[in-house]
Every structure is written in C-alpha cells, then in structure tokens.
Amino acid sequence: MKKFGDDWSDKPNDMLQWIIDEVAARNEPMEEVVRVVLLINFAAIHTSSSSFTHALYHLAANPEFITPLREEIEAIVMVDGWTKIAMGKMWKLDSFMRESQRYNGINSISVMRKALKSFTLSDGTYIPKNTILVTPALATHFDNENYMDPTVFDPFRHVREKEQDLSASKHHPGRFFAANELKAMMAHVIVNYDVKFEKEGIRPENVYTGLTIQPDPDAKILFRKRESSLN
Ligand code: HEM
C-alpha cells in the first residue's frame, strides 16, 4: 500500500485487506490490524468448533440421519462440485445444522446489550439507563409457540418449513460465511466417514457453564473411513 496507494490491479479482496484499509483510513498504528485479527479469531473459532461438534454428536448418536444427508450431498456434489452453489442447494444438511443450532446454541441467551440512555420501547416498556438487556435464545428455541414438539431433535423440520414457505429468504441457506464453513466440513465428514459413539445411540449431555452451552469435551467418537462415490 505504501508503494501503490489505496488501489492497484491485483489488490486482494479479503478480510485481512479490509482490516488494513480500515485501520489505515482511521490513521491507527498497524499493530491495530493484529488486535482486530485476534479479536475475529476469538469470535470465529470457538463458535464454529463448538457448533460443529454439537452437530457431529447428533450424527454419531443417530447414525440413521447419515443416509438421507449423504444421498443429498453426493447427488449435488456430482453435478456442482464442492462449490458455494452446491452448499446452497443442500437443504437437508442446512436443516440438520440449523436444528443443531436451535437445540444447542452457542449461548443460552443472545444479543447482550447495555442501555447507554433511558428509553421506552414501542410497547411501552421503560428501559432505564445502564440496564443490561439480553434475548432469551434457549427459551425461544424451546417454546412450542415457535416450534412443534420443540424438545424433539427433528433434523429435517426446517426442510418442511422451507417447502411450505418457498419465498421466505429467512429459510434461504448459505447466506452466511459460518453456514458455508460448517456445512462444508460436515458434508466432507458425511461422505467420507461413518461415525458413531462407542455407546450406541446415546448423545453425551451438554455442559452448561455460565451462559455457554458446550458439547461434552471428553466424549469420544468412532470414525470409519468409507469408499465415497465422489472419489
Ligand atoms: C456457528 C458459528 C458462529 C456462532 C454460533 C456465532 C455467534 C455469535 C454471537 C451469538 C454473537 C453475538 C451477537 C450479538 O450479541 O449481537 C457473535 C458476534 C460476533 N461474531 Fe460470531 N458466531 C459464529 C461465527 C463467527 C465467525 C465465523 C466469525 C468471523 C469470521 C464471527 C465473528 C463475530 C464478530 C466479529 C462478532 C461481534 C460483532 C459485534 O459485536 O459487532 N462469528 N457471534
């Protein structure tokens, strides 16, 4: 950037470059780039690995979920390859991952905010300055006003919702980086391995620490390599 200025022909279009541009625009020292990268790593890595592990545990406890997922992934990858377009077509995988997020979110609450000034919501609720506000993620996810049989892990419930409401963009998969990242990893596991727990059919209990909902850190999964039709 010192040599070419703000723009040049093969300037990268990636997160590192966006951060460098922003830090430079704010006239902050370049050490700030490192701080931001570390912060994003912190936000991105434990959330993704915990979410992936939760979903993997559902698969290992219920190997009967594997066949429909594998059929979907193999049929799509044979046509579209391992591409972002292919990820977007994997409705069953999307529903399975989403159900795992519903059943075991990253936290029992979400959207933690502190009111910096007093205000009144449109329904008349008064929020005094300095109040800490959160949304009840777990309670919302297990409310039968929102989900039929919420205590049941139903891997393909969101496929049914989506089929009934095709126009709704909220059901559209693959909008977010994290969704693609998790689906790509899970699709790879599903087509290349059979997975199960030693004690068949039993998913280890989650560990609730403060607000976080973690998969059991000590559970062991058995992986068996299989011949994939995609190889
Ligand atoms: C399944 C994976 C993920 C989950 C469950 C997750 C969950 C969350 C949650 C609950 C918040 C707080 C939202 C709020 O209070 O408004 C958050 C914020 C954030 N996440 Fe993620 N996240 C995931 C993946 C990622 C990835 C992959 C990245 C970066 C590439 C990332 C970067 C961030 C950042 C930077 C924030 C702070 C945003 C802000 O306060 O302005 N997350 N995430």
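For reference, positions follow the sequence shown, starting with 1. Remember, it's 1-based here, ligands and their atoms both numbered in the order they're listed.
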Heavy-atom closest pair, residues Trp18 and Asn13: NE1-OD1, 2.8 Å
Closer than 4.0 Å: a protein non-hydrogen atom to atom 24 (C) of ligand 1: yes
Per-residue contact class, Arg113 against ligand 1 - non-hydrogen pairs under 4.0 Å: side chain
Ile213 backbone acceptor or donor facing His54 side chain under 3.5 Å: yes
Nearest heavy-atom neighbours spanning Met1 and Ala24: CE-CB, 4.3 Å
Side chains of Asn192 and His188, donor plus acceptor under 3.5 Å: yes
Nearest-contact summary for atom 5 (C) of ligand 1 - protein heavy atom, Å: Gln101 NE2, 3.7 Å
Structural part of Ala44 in contact with ligand 1, heavy atom criterion under 4.0 angstrom: both
Criterion salt bridge (charged side-chain N to carboxylate O under 4.0 Å, His left out) on Asp194 and Arg70, from CA distance to verdict: CA-CA 10 Å; Asp194 286 315; Arg70 199 175 269 158; 2.9 Å; yes
Residue, atom name and distance, where the atom is the protein heavy atom closest to atom 3 (C) of ligand 1: Thr47 CB, 3.4 Å
Heavy atom of protein inside 4.0 Å of atom 29 (C) of ligand 1, strictly below: yes
Sub-4.0 Å protein heavy atom next to atom 15 (O) of ligand 1: yes
For atom 33 (C) of ligand 1, the option (of Ser51, Gly105, Ala43, Ser110) bearing the nearest heavy atom: Ala43
Within-cutoff protein neighbour (heavy atom, under 4.0 Å) for atom 38 (C) of ligand 1: no
Donor on one side chain, acceptor on other, Gln214 and Ser50, under 3.5 Å: no
Residue pairs involving residues 128-149 (criterion side chain to side chain donor-acceptor pair (under 3.5 Å); sequence neighbours excluded): none
Derivation of the salt bridge (charged side-chain N to carboxylate O under 4.0 Å, His left out) call for Lys11 and Asp21: CA-CA 11 Å; Lys11 184 176 177 182; Asp21 283 346; 3.1 Å; yes
Protein contact for atom 12 (C) of ligand 1 (heavy atom, distance under 4.0 Å): no
Within reach of ligand 1, part of Leu182 (heavy-atom separation under 4.0 Å): side chain
Closer than 4.0 Å: a protein non-hydrogen atom to atom 1 (C) of ligand 1: yes
Atom 42 (N) of ligand 1: any protein heavy atom closer than 4.0 Å: yes
For atom 9 (C) of ligand 1, the protein heavy atom that lies nearest, with its residue and separation: Ile106 CG2, 4.8 Å
Which of the ligand 1 atoms, numbered from 1, are nearer than 4.0 Å to a heavy atom of Met112: 15 (O)
Pairs involving residues 106-115, ordered by first then second residue, that meet side chain to side chain donor-acceptor pair (under 3.5 Å) (sequence neighbours left out): none
For Ile202 against Phe197, the heavy-atom pair lying closest together: O-CD1, 3.5 Å
